[in-house]
Structures are given as structure tokens and as C-alpha cells.
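Note that ligands are numbered from 1 as they come in the structure, with each ligand's atoms numbered from 1 the same way.
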Amino acid sequence: MAFLFDVERVLYQCECESQYPLCRLYFCRYCISLRCADCTQHEADVYFCPQCLQSLMAPEAKLNHMKCKNCFECPSCQCVLALRAVTAAADSAASSADKSSSSAANKKYYLSCGNCHWSTRDAGYEDQELTELQNSFTDPDQANIKQLKEAYRLISLRDASEEHVRRQTLQSSRRRTMSPFGNKEESKLPSFGLHASPLSRSKRMASVPTSNMLNDVMSVATSSIEPLDDDYFTKPIDLTQVTTLEQRNRDVAAQPTKVMQLRPIKKQLAIKRSIRCKQCDHSLCKPEYSTSNIKFKIQLLAQLQFPEVRIHPGYVLQANSDCPLVLSVSNPDQLNQCSFKLCPDNDNPRGTCSLTTPNDVVFTLEPKNEAFLDNSIETEPDKAKYLSYNHGSKIGLHCSASVPENFTGKVIVCVQLHHTPQQTAADADPKEHIFPISIDLGTVSSAT
Ligand SMILES: [Zn+2]
Ligand SMILES: [Zn+2]
Ligand SMILES: [Zn+2]
Ligand SMILES: [Zn+2]
């Protein structure tokens, strides 16, 4: 089939009027409409490490900055680092009876990359106990960042309190002017302790100066800078000792400039997300909870539910002529029949040329099943003239695009697919739904 990998040629219109290829859309069976990423609600179901497949709850994952505690990536080539164990030489004074226990105690570990052979020994880290090793690659500025976050949290709390006090004062002054006896309620309230009113608590909070909060963590500007070494100007640069831009950007906190400063990077957690229709709140995609299972409980992809329109190769577009072409429509559903009508939508402003299709003829598509793949499908004689072929679940329709004289640019035609799903044989009155599609037929070939 032509344009199998060029999915942007045939675009389907979502309910929000934006256009996407069919493979990027969901089909909500309950609203009977196509849904794009903006028209769906995304929820993270499970946080898990793609390496060790350990799943984490959302608060725990946030606490670990969305990183796995046990898995590390190579800072040089981004492959996963393997844990290697070495047994330190046993103490010569130790007796033979204690040898086995002491060798277990003396087991030290280091991380090594199986791809580029980078190891933590190269970066100057000594072999350590397992827990020590895992904790030794933490960000040195983490404590400072934590302090800053706490300071800014207090500042935002203070700002909110100020606003609250201002609003309360405004309200009480209004009340006082309206009441004939005035308002003495506020002055009687205790200002400290458990029984303090929210207003007095806010007042106390608002009176905390900002400078106190930030003084400890603020960076201070200085004019005294140490002069650079002469080596910077005289020594030739050894590019093998300098990190690449990609290596620096992968470790945003440290941004190492020298190869010796590289350190293992904690593996980023992945999520399994479920997708809901924003309108009816039904699930459109729900993965299995188990991290080792790649299957889905629900998967309403448009590509598996909705008829697909494709362009057949072998047509020639010429200016000032009606160009015949074949559009195929296929039913991806393996269980249910469906019927459709392909009507031209020549008034659509997205189209640049007009199209002619067998617009008043309803065609039926069989389920996509092995049994229907033989070519023995009989077409009704009055419909056969409109068809290029009929493969049961997929039929080719003769259409023609009329290109005006002196036309330049892309030939885009618009159609409306009148789709009638037939869920069951007992479904007496299936409803027809209209889906606008725009098809990019390419550019006009130059006249010969
Ligand atoms: Zn949308
Ligand atoms: Zn892991
Ligand atoms: Zn590596
Ligand atoms: Zn829906």
C-alpha cells in the first residue's frame, strides 16, 4: 500500500476540530467520536523502574525525585551499569575459622558499564559496601535546594497570610461601618496558642520578615575572584578528557565538564498511564497494573475501531483535468460489520481542490477476519461499477479529483465518512455518524 508510513497524508478531524492521523487518535465507543490527546485525561497509574521493574507509589516516587534507588545509568553512554562485587584481601591475622564470615563482610562493590567499560573506579570512587555505594552518588547541592524550597514555601505562605489579613481587615471595617454598635469581637480574641483565630495566626505569619527566611540560603555576590591558572592558556586541550554536551545535559544538577567528574546517573522512573474521555469519563486506555505485563485491560485506539481511508498509488495529478484515483476503506474490527458512505466535502475551507466520490451509495465492510480474505466476495451488480476491488473487509472506491487550471501547491481534498457501526445482528437501528477527513494527494505534476 502506498503511504503506509506517511501517516500525515490522511488526517481525521477530532471533536475539537484539530486534525490528526488515525494512529494518534482514540475512539470513544460511548460518545461515538474520535478523541485526540487534548480531549482526553491522562492519569499516571503506576510508577516503575524500567530496569528492575520495581513499582512505587506516587508519594514515594516524588520523594525519590522520580528516580530508582537501585539502578544507575552510565554517564558516558547511557547504558545500564552492572553491579560488580570484589572480595577484599582477608586479614592475614584472621584465623581460618573466621575466614568465611570475614570474606562476606569484606565484600565491596563497584559499578561498571558493559558497553563502554566505564566504571566508578575511573571516576575516583572507591569500592564500597552496597548501601554506601548507592548513597554516594547523591547531589551535593540537594540540601541547599531543600532549604531554598522550604524558604520559598514559607514566603508564599506569608504572602497568602498577608492577603488573608488584608481581606479580613477590609471586611471587618465594612461590617463596622454598617453595624450601629461597631465590632468589638476582634479585640477580645487571644492572639497565641491553640485557640488563636485564623486571622491572628495569619497576622503573626504576615509579620515574619522575608530576609530571615532567605538569609541562610541566599547566594552572595562577590567581586573577589581567584585568577585562572596559566594552564588554561598554555596547555593544549585534551578532548578525550572533556565531556560532551549530551553528557553534561544528562546530569543537570552537576553538569560535569571533565571526564573525571562523571558520576553514575540514577535511572529515571517510567509510568503506566491510563487515558479517559474528558466528556463521558470512560476509560479509553488502561494498562495492566503489573509492571512486567505489557498488555492492556482496555485499549480503544481509533486504529483498531474505526475504518481507515488510504490513498492508492498510481494516480497522476494534472492541472485543468479530472484526475482518477482510488481510495481504499478498510474495517479493522475483527468481530463486527460496518457500513459507510464516502461523501465529498468540497465546501470545507481546508480543501484546495474538489473531489467526486460515489456519495449516495452505502457500502458494507465485513469484519477483518481470515475467513473473509479470499477474493470470492460478491459485490452487488449496481455497486460494482464504483469499486476498483472488494476484499470483504477492504474495498477500493473509484474517485476523481478535479484540479483547476494553473493550480500550484498541494492538492488537498476533504471528505465526510458517514460511518454506521453494526454492533450486533439484533441492533435494529444503528445510527450514522459523520467524521470529516482531509486527504493530501500531493502536488500537481508538471505538464509534459
Ligand atoms: Zn481533540
Ligand atoms: Zn530500578
Ligand atoms: Zn557506558
Ligand atoms: Zn466519551
Side-chain angles (χ1 to χ4, degrees), residues 7-8 10-44 46-58 60-75 78-84 109 111-114 120 130-131 133-138 250 263-286 290-294 296-306 350 417 419 421 423 431 433-438:
V7 290
E8 304 281 342
V10 181
L11 298 174
Y12 296 72
Q13 191 173 310
C14 172
E15 286 285 295
C16 63
E17 304 224 332
S18 46
Q19 289 190 311
Y20 292 95
L22 196 62
C23 56
R24 296 208 196 125
L25 290 167
Y26 294 91
F27 183 70
C28 182
R29 278 183 191 171
Y30 308 95
C31 311
I32 317 209
S33 58
L34 293 167
R35 295 263 176 253
C36 70
D38 295 335
C39 301
T40 49
Q41 207 169 342
H42 301 241
E43 295 161 7
V46 191
Y47 294 85
F48 71 102
C49 169
Q51 181 60 28
C52 62
L53 299 180
Q54 187 192 2
S55 62
L56 286 95
M57 300 307 288
E60 198 185 349
K62 275 179 194 158
L63 202 68
N64 294 330
H65 306 283
M66 299 291 165
K67 301 280 166 75
C68 178
K69 276 189 279 185
N70 307 322
C71 305
F72 293 90
E73 275 179 12
C74 172
Q78 289 92 53
C79 285
V80 179
L81 290 175
L83 194 68
R84 308 249 180 239
Y109 296 86
L111 295 167
S112 161
C113 175
T120 45
L130 192 58
T131 44
L133 187 79
Q134 284 170 349
N135 294 330
S136 58
F137 310 121
T138 47
R250 280 189 68 78
R263 56 179 188 172
I265 298 163
K266 284 189 174 176
K267 187 88 184 164
Q268 183 77 40
L269 293 183
I271 56 163
K272 281 192 168 198
R273 60 175 185 174
S274 61
I275 290 163
R276 284 177 186 280
C277 173
K278 267 187 188 171
Q279 205 161 331
C280 67
D281 218 29
H282 278 99
S283 278
L284 300 179
C285 185
K286 194 159 186 59
S290 164
T291 51
S292 57
N293 196 338
I294 56 163
F296 289 84
K297 281 181 197 161
I298 304 167
Q299 199 179 27
L300 298 180
L301 301 180
Q303 217 174 6
L304 304 175
Q305 311 277 323
F306 191 75
R350 281 184 166 127
L417 187 78
H419 177 231
Q423 300 290 339
K431 281 184 185 164
H433 299 273
I434 299 171
F435 297 92
I437 301 169
S438 73

(request) Kindly say whether Ile265 contributes a backbone atom to a donor-acceptor pair with the side chain of Lys67 at under 3.5 angstrom? (result) no

(request) Could you tell me the angle subtended at the Zn ion (ligand 2) by SG of Cys71 and SG of Cys68, rounded to 10°? (result) 110°

(request) Give a yes/no answer: is there an N/O/S atom of Cys280 under 2.8 Å from the Zn ion (ligand 4)? (result) yes

(message) Donor-acceptor pair, distance only, cut-off 3.5 Å: does the side chain of Lys267 make one with the backbone of Asn70?
(response) no

(request) Answer yes when Glu8 and Arg24 have at least one side-chain N-carboxylate O distance shorter than 4.0 Å, and no when they do not. (result) yes

(request) Nearest 10° is fine: what angle sits at the Zn ion (ligand 1) between SG from Cys14 and SG from Cys36? (result) 110°

(request) Just to the nearest 10 degrees, tell me the angle at the Zn ion (ligand 4) spanned by Cys28 SG and Cys31 SG. (result) 110°

(request) May I ask you to decide if Met66's main-chain N or O and Gln268's side chain share a donor-acceptor pair within less than 3.5 Å? (result) yes

(message) Suppose you place the vertex at the Zn ion (ligand 2); what is the angle out to Cys49 SG and Cys52 SG, to 10°?
(response) 100°

(request) Classify the ring geometry between Phe306 and Phe27 as parallel (under 30°), tilted (30 to 60°) or perpendicular (over 60°). (result) tilted

